[in-house]
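Beneath this line is the structure, given in structure tokens, with notes to follow.
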Amino acid sequence: VRAETARAAEKINTIEFELDKPKVVTMDSVDAGGKKVYCRCWKSGTFPLCDGAHVKHNEATGDNVGPLIVSGPKKE
Ligand code: FES
């Protein structure tokens, strides 16, 4: 599923939801400054960044949460 965002979302170009995987949300933003992977399960040892702990969380709970991935051009 891919949704083009309106100008109201300003600096966000696109948002993708990968419904066939643990819920991973990918967002392109002109302000991202490269690629960043943010935890949405609250189990990461490197919070606010994802360290993959969501995989164990999903197995233990039956949930299907995954990270928010924000990418955009690197800032100089
Ligand atoms: Fe929380 Fe990956 S560790 S989403």
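Counting convention: from 1, in listed order, for ligands and their atoms alike.
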- Message: Give the atom numbers and elements of ligand 1 that come within less than 4.0 Å of a heavy atom of P67.
- Response: 4 (S)

- Task: Taking all heavy atoms of L49 and all of S44, pick out the closest pair and write down the distance.
- Result: O-OG, 2.5 Å

- Query: Any sub-3.5 Å donor-acceptor pair from D63's side-chain atoms to H57's backbone N or O?
  - Reply: no

- Taking only non-hydrogen atoms of R40 and a 4.0 Å limit, the atoms of ligand 1 in range are 1 (Fe), 4 (S)

- Task: Indicate, as side chain, backbone, both or neither, the part of D51 found under 4.0 angstrom from ligand 1 when only non-hydrogen atoms are considered.
- Result: both

- Determine yes or no for a side-chain-to-main-chain donor-acceptor pair under 3.5 angstrom, with S71 supplying the side chain and G34 the backbone. no

- Non-hydrogen atoms of P67 and H54 that approach each other most closely: CD-CE1, 3.7 Å

- For V65 against N58, the heavy-atom pair lying closest together: O-ND2, 2.9 Å

- Task: Could you confirm whether C39 has any N/O/S atom lying under 2.8 Å from atom 2 (Fe) of ligand 1?
- Result: no

- Query: About how large, to 10 degrees, is the angle SG of C50, then atom 2 (Fe) of ligand 1, then ND1 of H54?
  - Reply: 100°

- Query: Is it true that some N/O/S atom of C41, main chain or side chain, lies under 2.8 Å from atom 2 (Fe) of ligand 1?
  - Reply: no

